[in-house]
Amino acid sequence: MIDAGSVCIVAATAAALFLKGLILSYIQVAARYRARSFSRPEDARLLGLAPQSEPDLAVRAAGALRNEGENAPYFLALAVIHALIGGPPVPLLGVSSLYVMARLFQGYAQVRALQPQRMIGYLTGVLATLCLAVLIALRMAV
């Protein structure tokens, strides 16, 4: 049986990651507009500008957004599986909270060019994903 608490945790996790993505997207667009610098010709043409390299902040925000798109689907898919197999909400809340905090920290560190903080945030997110996979494996083994 699917636990409603687990479903709420999955929804909250997805919503938090979506909001993080919106913020990164805003940072990226704002940096481009502030610098009046767009690499895509159609974007530059829209403002009557010539294409040129984008500001570092826009490039970093784009990298953080791309990294989020590469990692979040795995965690969210495992969270859904955990809910579908009737996994309890408390461990899901723990690993989901850890994952979201790690991804927020990683995104911040990437935008601010902080290393090793970026790597620590990334590896903590990977660890949370691995923990969720182990929780699922243990649940299925019973």
Side-chain angles (χ1 to χ4, degrees), residues 2-141:
I2 298 173
D3 187 287
S6 291
V7 173
C8 288
I9 293 165
V10 172
T13 301
L17 294 173
F18 173 73
L19 287 174
K20 177 197 174 203
L22 280 178
I23 292 167
L24 287 172
S25 184
Y26 171 79
I27 291 168
Q28 181 182 17
V29 171
R32 287 178 181 147
Y33 274 95
R34 233 185 337 267
R36 299 186 56 78
S37 179
F38 300 87
S39 62
R40 292 190 173 134
E42 66 275 14
D43 294 342
R45 194 170 40 251
L46 181 67
L47 295 175
L49 303 169
Q52 53 185 319
S53 61
E54 296 184 344
D56 187 55
L57 182 59
V59 172
R60 289 185 171 285
L65 193 55
R66 183 176 50 255
N67 186 270
E68 190 63 42
E70 294 167 352
N71 289 279
Y74 294 110
F75 186 86
L76 291 172
L78 288 170
V80 167
I81 291 166
H82 179 85
L84 288 174
I85 64 173
V90 173
L92 180 60
L93 177 61
V95 295
S96 293
S97 297
L98 178 64
Y99 183 81
V100 168
M101 293 306 294
R103 297 304 301 171
L104 288 170
F105 183 67
Q106 186 275 339
Y108 174 79
Q110 186 158 352
V111 167
R112 301 288 299 193
L114 302 173
Q115 196 61 288
Q117 293 89 336
R118 186 179 88 206
M119 180 186 62
I120 292 167
Y122 172 78
L123 291 175
T124 303
V126 169
L127 178 64
T129 304
L130 180 61
C131 287
L132 185 52
V134 168
L135 286 172
I136 292 167
L138 291 173
R139 177 110 179 133
M140 293 177 68

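Of all non-hydrogen atoms in Leu132 and Ala79, the two that sit nearest each other are CD2-N, 3.4 Å. Smallest separation of non-hydrogen atoms from Pro51 and Pro41: CG-CA, 3.7 Å. A pairwise comparison of heavy atoms in Ala16 and Val100 identifies CB-CG1, 4.0 Å as the closest pair. Here the shortest heavy-atom pairing between Pro89 and Gly5 reads CB-C, 4.0 Å. The two residues Gln115 and Met119 have their closest heavy-atom pair at OE1-N, 3.1 Å.
Under the 4.5 Å side-chain criterion, counting only non-hydrogen atoms from C-beta, Val10 is in contact with Leu92. The shortest distance between side-chain heavy atoms of Arg139 and Pro88 falls below 4.5 Å. Annotation: side chain of Lys20 is in contact with side chain of Gln106 (closest heavy-atom distance under 4.5 Å). A heavy-atom distance below 4.5 Å is not found between the side chains of Cys131 and Leu135.
Going from atom CG of Leu104 over to atom CG of Leu17 covers 7.5 Å, rounded to the nearest 0.5 Å. Interatomic distance, CD of Glu54 versus CG of Asp43, reported as 8.0 Å (0.5 Å rounding). Summarising the geometry, atom CZ belonging to Arg40 is positioned 13.0 Å from atom CG belonging to Leu46; distances are rounded to the nearest 0.5 Å. To the nearest 0.5 Å, the span separating OG on Ser6 from CG on Leu84 amounts to 10.0 Å. In this structure, Leu78 CG and Ile136 CD1 are separated by 4.5 Å, a value rounded to the nearest 0.5 Å.
For Tyr108, the OH atom sits in a loose shell: 12 or fewer heavy atoms of surrounding residues, nucleotides or ligands are nearer than 6.0 Å. The neighbour count for Tyr122 OH, taken as heavy atoms of other residues, nucleotides or ligands under 6.0 Å away, does not exceed 12.
At least one donor-acceptor pair closer than 3.5 Å links the side chain of Thr124 to the backbone N or O of Ile120.
Each of Leu22, Leu57, Leu65 was scored for a side chain to side chain contact (heavy atoms under 4.5 Å, CB included) with Ile27, with one residue passing: Leu57.
The ring-ring contact (aromatic ring centres under 6.0 Å, His included) analysis of residues 61-87, with sequence neighbours excluded, yields the pairs Phe75-Tyr99.
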